[in-house]
Amino acid sequence: MTRLSVEMLAADAPEPITSAGHAQLGIAVLAGIAVIVLLITKFKLHAFLALTIGSLALGAFAGAPLDKVITSFSTGLGSTVAGVGVLIALGAILGKMLADSGGADEIVDTILAKAGGRAMPWAMVLIASVIGLPLFFEVGVVLLIPVVLMVAKRGNYSLMRIGIPALAGLSVMHGLVPPHPGPLVAIDAVGADLGVTLALGVLVALPTVIIAGPVFSKYAARWVDVPAPERMIPQRASEELERRPGFGPTLFTILLPVVLMLAKALVDIVIDDPENTVQRVFDVIGSPLIALLSAVLVGIFTLLRPAGFGKERLSPLVEKSLAPIAGILLIVGAGGGFKQTLIDTGVGQMVLEISEDWSIPALLLAWLIAVAIRLATGSATVATVSAAGLVAPLAADMSTTHAALLVLAIGAGSLFFSHVNDAGFWLVKEYFGLSVGQNIKTWSVMETIISVVAGAIVLLLSLLI
């Protein structure tokens, strides 16, 4: 075993890595990421397999013993799934309950009934942001696009004027606000506080979604003026239901986990005494697991029963909600394995030393790394988990708020310029009936605006708090 590989796998605090060591590790990182990119883009391999093979390639190029690399990858995969797997599953169940019960349609219809004219883009961004809290991006798109198309057609609105705000709301929630998989994995990797990250994520998301949604949609509508494609207006879930849940109970169910997690963060700040009974109670009810589980259990009574769902339909609904997230869980887990391989081979230490030598702000470095991986792989989740693994050591001496901002910087970078290697790019293109060029001028530019604006706000907040 080389001296470098001994240093990389040492259990104690690592010694500074030599210039030769930096070069070898730098080549290993580039090679590992290149393998992942090539497998995903050229050979169309599933991201789970690509991340697994890329992790092994990284360890091999770094000169580490292969058995140790396998152990690192397996450990990282297991700890990541253990940390966020249940939360992703609960989020999927809540999203499925919201969609199938007609609760999502109730939120949409109620807000649209009170909006019109110039207020419509703002109504769409509000709908997408609320609906996007418990839903994965792809599920949110499938759920909201029919509404976007119907509103554009019936109200004679520009498709981009209505569609861009909806997409912006979904995308911002996906990249910046837990319990979405990307932010959850980044929080776990850097050891950030979920409640604080959620609060700051909402703070960053508000101005970001306004600029990338209603404001940018004015220009997008001028650049691309297309009618809503008739063939893409499917039947909504609630059209097959005799009744559906009310607006108030539905909104309460959606916001319940957010309120519980924010309450925990607030109590932790105000009391700051781990032995205090009130704080201990909120530490339990505000934990992500209990918060999301509470929302799911409440949803049985506020969403399913009002829609006429008997207890015999609960188990099939849960089964259907879990099947689509198998791939997401595997990608997130493999991303955690890749992260652990990066750490155990000394790459995290190298990034820490380089950031000190080059005087690059940690938050900017995290954003840039996430941007590079996003552009290369096309996956916001892969970019988030990989970047989180690279910059995790930077959070060691950070305050609670700055560790949360590090997570948000990664999330912002992971949304940069979606293009032809991103599944979301093609999803939006087909639903809206756009050409590749039109999709780049609207969807891709919108994603870039989200990334840059959110990144800038994160850097500004780091100077103020």
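Taking CG of L368 as the reference point, atom CD1 of I410 lies at 12.0 Å (rounded to 0.5 Å). Between the CG atom of D344 and the NZ atom of K68 there is a distance of 10.5 Å, given to the nearest 0.5 Å. Separating the CG atom in L170 from the CE atom in M173 is a distance of 9.0 Å, to the nearest 0.5 Å. Between I450 atom CD1 and T208 atom OG1 the span is 8.0 Å, to the nearest 0.5 Å. To the nearest 0.5 Å, atoms CG (L176) and CG (L415) are separated by 6.0 Å. The OG1 atom of T253 lies 8.5 Å from the CG atom of L98; values are rounded to the nearest 0.5 Å.
Residue D397 qualifies as open at atom CG: its count of foreign heavy atoms under 6.0 Å is 12 or below.
Under the 3.5 Å distance criterion, the side-chain polar atoms of H419 are left unmatched by any main-chain donor or acceptor of I440. The backbone N or O of G337 lies less than 3.5 Å from no partner atom in the side chain of Q340, so there is not a single donor-acceptor pair. In this structure a side-chain-to-backbone donor-acceptor pair under 3.5 Å is missing from S386 to A383.
Considering all non-hydrogen atoms of both residues, I162 and M120 come closest at CD1-CG, 3.4 Å. Residues V190 and A403 share a closest heavy-atom pair of CG2-O, 4.1 Å. For L198 against P178, the heavy-atom pair with the smallest separation is CD1-O, 3.6 Å. What you find for I93 and S321 is that their closest heavy atoms are CG1-OG, 3.3 Å. A pairwise comparison of heavy atoms in I164 and A220 identifies CG1-CB, 4.0 Å as the closest pair. In this structure, A186 and A388 approach most closely via the heavy-atom pair CA-CB, 4.0 Å.
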Check your understanding: Should N439 and T442 be marked as a side chain to side chain contact (heavy atoms under 4.5 Å, CB included) after you check the CA-CA gap, both sets of side-chain angles, and the distance that decides it?
Key -> CA-CA 5 Å; N439 211 33; T442 53; 4.2 Å; yes
Practice item. Let me see the working for L463 and L459 under side chain to side chain contact (heavy atoms under 4.5 Å, CB included), right down to the final yes or no. Key: CA-CA 7 Å; L463 300 177; L459 290 174; over 6 Å; no
Practice item. Tell me, with the steps shown, if L405 and I465 meet side chain to side chain contact (heavy atoms under 4.5 Å, CB included). Key: CA-CA 10 Å; L405 290 174; I465 58 177; 4.2 Å; yes
Exercise for review: May I have the step-by-step check of side chain to side chain contact (heavy atoms under 4.5 Å, CB included) for M160 and F432, ending in yes or no?
Suggested key: CA-CA 9 Å; M160 292 298 105; F432 282 175; 3.5 Å; yes
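Considering only heavy atoms from C-beta on, V209 comes within 4.5 Å of S129 through its side chain. Residues F61 and L25 form no side-chain contact, since every pair of their non-hydrogen atoms from C-beta on lies 4.5 Å or further apart.
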Would you tabulate the side-chain donor-acceptor contacts of residues 79-91 under 3.5 Å, counting partners in other chains and residues two or more places apart, or write 'none'?
unit_1 : atom_1 : unit_2 : atom_2 : d
S79    : OG     : T75    : O      : 3.1
S79    : OG     : G76    : O      : 3.1
T80    : OG1    : G76    : O      : 2.8

Scan the side chains in residues 51-59 for donor-acceptor partners under 3.5 Å anywhere in the protein, sequence neighbours excluded, and list what turns up.
unit_1 : atom_1 : unit_2 : atom_2 : d
T52    : OG1    : F48    : O      : 2.8
S55    : OG     : L51    : O      : 2.8

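Figure legend: cation-pi geometry between R161 and Y157 absent, as NZ or CZ is not positioned both under 6.0 Å from the six-membered ring centre and within 45° of its axis.
Listed by chain and number, the residues in a ring-ring contact (aromatic ring centres under 6.0 Å, His included) with W223 are F216 (sequence neighbours excluded). A search for salt bridge (charged side-chain N to carboxylate O under 4.0 Å, His left out) contacts involving D283 returns K264, not counting sequence neighbours.
Under the side-chain hydrogen bond (donor to acceptor under 3.5 Å, both in side chains) criterion, the residue pairs touching residues 444-459 are S171-E447, W367-S451, R374-E447, with sequence neighbours excluded. Residue pairs meeting the side-chain hydrogen bond (donor to acceptor under 3.5 Å, both in side chains) criterion with at least one member in residues 398-409, sequence neighbours excluded, are S399-T401.
Of the listed residues (L194, L256, I290), just one forms a side chain to side chain contact (heavy atoms under 4.5 Å, CB included) with M261, and that residue is L194.
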